[in-house]
Structure formats: structure tokens, C-alpha cells
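Report on one structure; see the data block that follows.
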Amino acid sequence: MSAETNTGTEHYIAVQQADFDVAQEYAALRNNNRCDGAVVFFTGLVREMNQGSAVSGLTLEHYPGMTEKALQQIVGDACARWPINRVRLIHRVGTLEISDQIVFVGVSSSHREAAFDACYYIMDYLKNRAPFWKKEVTGQGERWVEALDKDKQALNKWQTCDD
Amino acid sequence: MSAETNTGTEHYIAVQQADFDVAQEYAALRNNNRCDGAVVFFTGLVREMNQGSAVSGLTLEHYPGMTEKALQQIVGDACARWPINRVRLIHRVGTLEISDQIVFVGVSSSHREAAFDACYYIMDYLKNRAPFWKKEVTGQGERWVEALDKDKQALNKWQTCDD
Amino acid sequence: MNILFFAALREQLGCAQCDIALPLPASLATVRAALIQHFPQQADLLTQGRALAAINQNLINDENAVINSGDEVAFFPPVTGG
Amino acid sequence: MNILFFAALREQLGCAQCDIALPLPASLATVRAALIQHFPQQADLLTQGRALAAINQNLINDENAVINSGDEVAFFPPVTGG
């Protein structure tokens with residue numbers, strides 16, 4: 001249930017049950033990196049309230065093999081679009097509790113614009129293209145989380161004229 | 001040379017010579033926070049190359065009093081514009097070396113859109129409105145960093161119809 | 001041919017995969033139609049938009065995409081990670 | 001009135017603050033003109049755009065803004081933090 005893949009010298013992508021350590025990920029983006037002036041990262045956490053119900057935990061299912069492939073594609077696309085130097089992307093699967101960390105995306109770049117845009121882009125595409133599914137435990141039992149139109153619409157901001 | 005100000009229960013703004021610990025800042029955004037599903041943070045680092053020259057270090061001067069006021073204004077504006085819950089903003093002053101941390105902006109929110117936008121907004125306005133000035137040490141001696149048009153233009157993305 | 005299912009669709013169909021007799025190559029539309037015939041009670045869950053499709057672990061939006069013998073084919077609901 | 005200077009402007013003028021005799025209230029434009037008269041060699045550094053102005057620690061873009069007795073006034077170059 002764990003897969004670690006390097007897409008180039010400086011990128012790291014992992015799908016794993018284990019938790020991740022943000023300090024360690026930040027250090028990996030920053031250590032021996034004299035050229036980058038900007039690091040942007042995102043972490044997704046399990047929220048107590050979702051789609052109108054109190055949630056006590058969730059299970060993350062994925063499609064092994066395709067997940068890693070989809071994440072590599074998304075990171076590769078971001079690298080082709082912005083001058084970013086290091087990317088670290090970790091997504092957890094399995095059983096998680098409230099406030100647990102779900103996903104980490106960290107990007108370093110010379111300048112902040114590329115780091116912000118690439119990090120945001122990776123999350124928007126992950127939300128729409130990477131085969132993960134959340135099943136929540138609520139007071140009314142278990143339920144699969146519904147995909148939201150707003151996540152699909154979030155991709156519009158990345159459309160360019162030649163798309 | 002250190003000033004710590006709370007702008008509301010959940011926000012933290014500091015201007016200080018001391019370094020900051022990203023893990024500690026992240027913990028402060030995340031601990032006992034059951035409602036936020038997204039944390040976005042930015043760190044700015046001293047780059048080796050800037051505006052065409054190799055840099056060996058820099059000194060950050062600021063306008064004590066006005067700096068804190070400007071940062072509070074920017075964070076307050078971001079909070080008025082997006083549903084964000086916690087903001088932590090630390091900017092260092094004094095003498096810094098290559099790869100040193102300069103600035104931290106961390107934002108937590110229920111959803112990623114608000115966290116990304118607010119963090120990016122705070123950095124863009126800080127770059128244009130907060131009275132800090134960098135003096136770099138290069139092989140050719142010391143020089144004050146020039147303000148860039150692209151930083152001024154970065155504010156355009158935040159213009160709304162009623163501005 | 002073998003087809004994989006994930007998440008809510010896996011639970012609703014009651015199986016993680018199934019075998020369907022179908023001459024290959026065939027279009028994604030043809031495979032989807034055969035799948036609907038195989039699970040008539042869950043037809044609405046398998047329509048385009050409700051069930052996404054992947055061929056060889058790539059998300060496919062084009063219903064004219066061709067599936068060849070040996071391809072890995074999967075159907076699943078819109079994704080909800082992140 | 002007392003005026004504060006920061007960063008490159010402080011170094012170029014050779015002082016962190018200066019005292020200028022001027023009847024108050026006065027507009028920012030009037031104060032800027034008096035400052036330029038006081039530092040004729042550095043006139044170009046003090047023009048609008050090259051030297052930003054703050055009144056009571058608020059950045060002021062309007063040259064018609066009024067400065068009253070007791071206000072804290074500062075001039076400095078465009079900022080470069082972050």
C-alpha cells in the first residue's frame with residue numbers, strides 16, 4: 001500500500017498509509033537549495049464538518065498503480081508550465097481520524113508566483129484527476145463523499161488559450 | 001527590535017531578528033483546529049542569485065511601528081475578503097545569510113481556495129506595502145535591492161470591480 | 001474482458017471486478033453499453049459522467065477511445081481525494 | 001517639523017531625520033517641495049514615485065493629504081521586503 005516514485009532528480013511522489021512530517025518535507029525542499037527564494041506548501045486535513053454532517057473519521061480508497069501515474073502526470077504538467085525546482089507530493093490512504101493529515105504538496109521555486117501557482121494547480125488537478133475516494137463515518141452511518149462541481153470548476157482558472 | 005501583536009484571537013503577527021520554526025508555526029495553525037481542512041503556507045528564503053549578481057548575505061531594515069501596522073492592515077484585509085480562520089505572519093529583520101528564512105505566512109481555512117488566495121494576497125501586499133528594505137552584499141560591494149514592477153503588477157490580480 | 005471497479009461503484013455493483021464477454025478491440029462506448037446490460041439494475045450508475053473510465057490507468061473522456069485485448073479497464077465514480 | 005528617512009534614502013541624504021521649518025497644516029506636496037529645497041543635490045530622489053511618504057505610519061498616495069502639527073512624517077524608497 002506504499003509507493004514511492006521519483007519523477008526526476010528533485011521530485012518526490014508517495015501514496016502511503018503512514019503519516020508524514022511537514023518539518024521533514026519542508027527541510028527536503030529547502031536543504032542545499034541556494035537558488036530558491038520561495039517555498040509554498042499545502043496540507044489537507046480531515047475536517048469535523050463536511051457536506052452538512054459531523055464526521056468522526058474516514059477511509060481513503062485508491063486505485064493502486066493509476067494513482068501514482070496520475071500524480072506523476074500532474075506534477076510533470078506543473079513542471080512544464082512553471083519554473084519550479086522541487087516538488088514533494090504525499091497522499092495518504094486507509095483509515096484517518098479528525099484533524100489527521102491527508103495530503104501534502106510542497107513546491108520550491110526562485111520566485112513566489114511560480115511556487116504559488118504550481119502548488120495550487122497540483123491540488124486542483126489532484127482533486128479532479130487522481131483516483132482517490134473518501135468514505136466518511138458520520139452519526140448516520142458511512143457515506144461516500146460526493147464530488148463537487150466547484151472542484152471541477154476550479155480547473156477553469158488554469159485554462160490557457162491553447163488548451 | 002521584536003514586536004508581537006495579536007489581531008484577534010487566532011492571528012499572530014511578528015517582526016523579529018530571531019529565526020522562526022516552520023514546524024512550530026504549522027502546529028499553531030493546526031492544533032485544536034477541527035474545522036479547517038486546508039493549511040497553506042509560504043516561506044521566503046535568501047537566494048544566492050538576485051537581479052543578476054551573486055549575493056553572500058543581506059541586511060533587512062524596517063520602519064518600526066509602521067511595519068507592524070502595515071502587516072496588521074494587510075492581514076485584516078485578507079480576513080475581510082476570505083473565510084480564513086488562522087493567520088500567522090512573521091518577518092525577520094537584521095542580518096541574514098544565504099538560504100536563511102526571511103518571511104513566513106501561514107493561513108488555515110475550511111477550504112483550500114480561501115487559504116491559497118489569502119496567503120498569496122498577503123505576500124503580494126506585503127511586497128508592496130510593508131516598509132522593509134533589503135540591502136545585499138555582493139562581490140561588487142553592498143547595494144540596495146530595487147523594487148520591481150512585477151511586484152507592483154502582482155496586485156492587479158486582486159483588483160475587484162468595487163476597488 | 002476483465003473490468004475493475006472502485007469505491008461506491010464497487011459497493012453498489014457488489015464486486016471489485018467482473019468478466020464480460022465482448023469481442024475486442026471495442027470502443028469505450030461499446031464496453032460501457034455491455035456493462036450496463038450486465039448490470040441492468042445499476043444502469044444509471046454506469047452512465048457517462050456518473051462512472052468515469054480508465055484505460056491502462058489513464059482517465060479517458062473520449063467514448064470513442066479503443067480498448068484492445070490485454071488493456072486494463074476500470075470504472076469508478078468521480079474522484080474525491082485531496 | 002521633523003521628517004524621518006529610511007534605507008537608501010537615509011544613506012543618500014546622509015541623515016535618519018531632519019528638521020524643516022514649515023507652517024502646519026500643510027499638504028504632502030508642500031512638505032515634499034520644502035524637502036527638495038532643503039536637499040537640492042538629491043532633488044530627483046525625493047520626487048513622487050521615487051520617494052514614498054507615510055503620515056502617522058500610513059502609506060499616503062494622495063499628494064493633497066494634510067499634515068498637521070504633531071504628525072509623524074517619513075519618506076523612504078519603494079519597499080523591498082518579503
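Proteins get letters first, then strands, A, B, ... in listed order; numbering begins at 1 in each.
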### Query
Is there a ring pair (Phe, Tyr, Trp, His ring centres under 6.0 Å) between B:Tyr121 and B:Tyr125 once you walk through the steps?
CA-CA 6 Å; B:Tyr121 173 98; B:Tyr125 274 84; 4.5 Å; yes
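- With a 4.5 angstrom heavy-atom cutoff, B:Ala70 does not touch chain D via any of its atoms.
- Counting heavy-atom pairs closer than 4.5 Å to chain D, the top-ranked of the candidates B:Val105, B:Val145, B:Thr59, B:Asp151 is B:Val145.
- Put simply, the side chain of B:Glu136 never gets that close to the backbone of B:Thr138: no donor and acceptor are under 3.5 Å apart.
- Inspection of non-hydrogen atoms places D:Arg10, D:Glu11 of residues 9-35 of chain D under 4.5 Å from chain B.
- Checked by atom type and distance alone, the side chain of B:Trp133 pairs as donor or acceptor with a backbone atom of D:Pro77 at under 3.5 Å.
- Proximity to chain B is absent for every atom of D:Leu52, based on heavy atoms less than 4.5 angstrom apart.
- Not one N or O on the side chain of B:Arg129 forms a donor-acceptor pair closer than 3.5 Å with the backbone of D:Leu59.
- Between the B:His91 side chain and the D:Gly82 main chain, a donor and an acceptor come within less than 3.5 Å of each other.
- For B:Glu146, the part lying under 4.5 angstrom from a heavy atom of chain D is the backbone only.
- Between atom CD of residue D:Gln57 and atom CG of residue D:Leu4 there is a gap of 9.0 Å, rounded to the nearest 0.5 Å.
- Proximity to chain D is limited to the side chain of B:Lys135, based on heavy atoms less than 4.5 angstrom apart.
- Using cut-offs of 30° and 60° on the angle between ring planes, the pair D:Phe75 and D:Phe5 is tilted.
- Heavy atoms closer than 4.5 Å to chain D are found in both the backbone and the side chain of B:Lys127.
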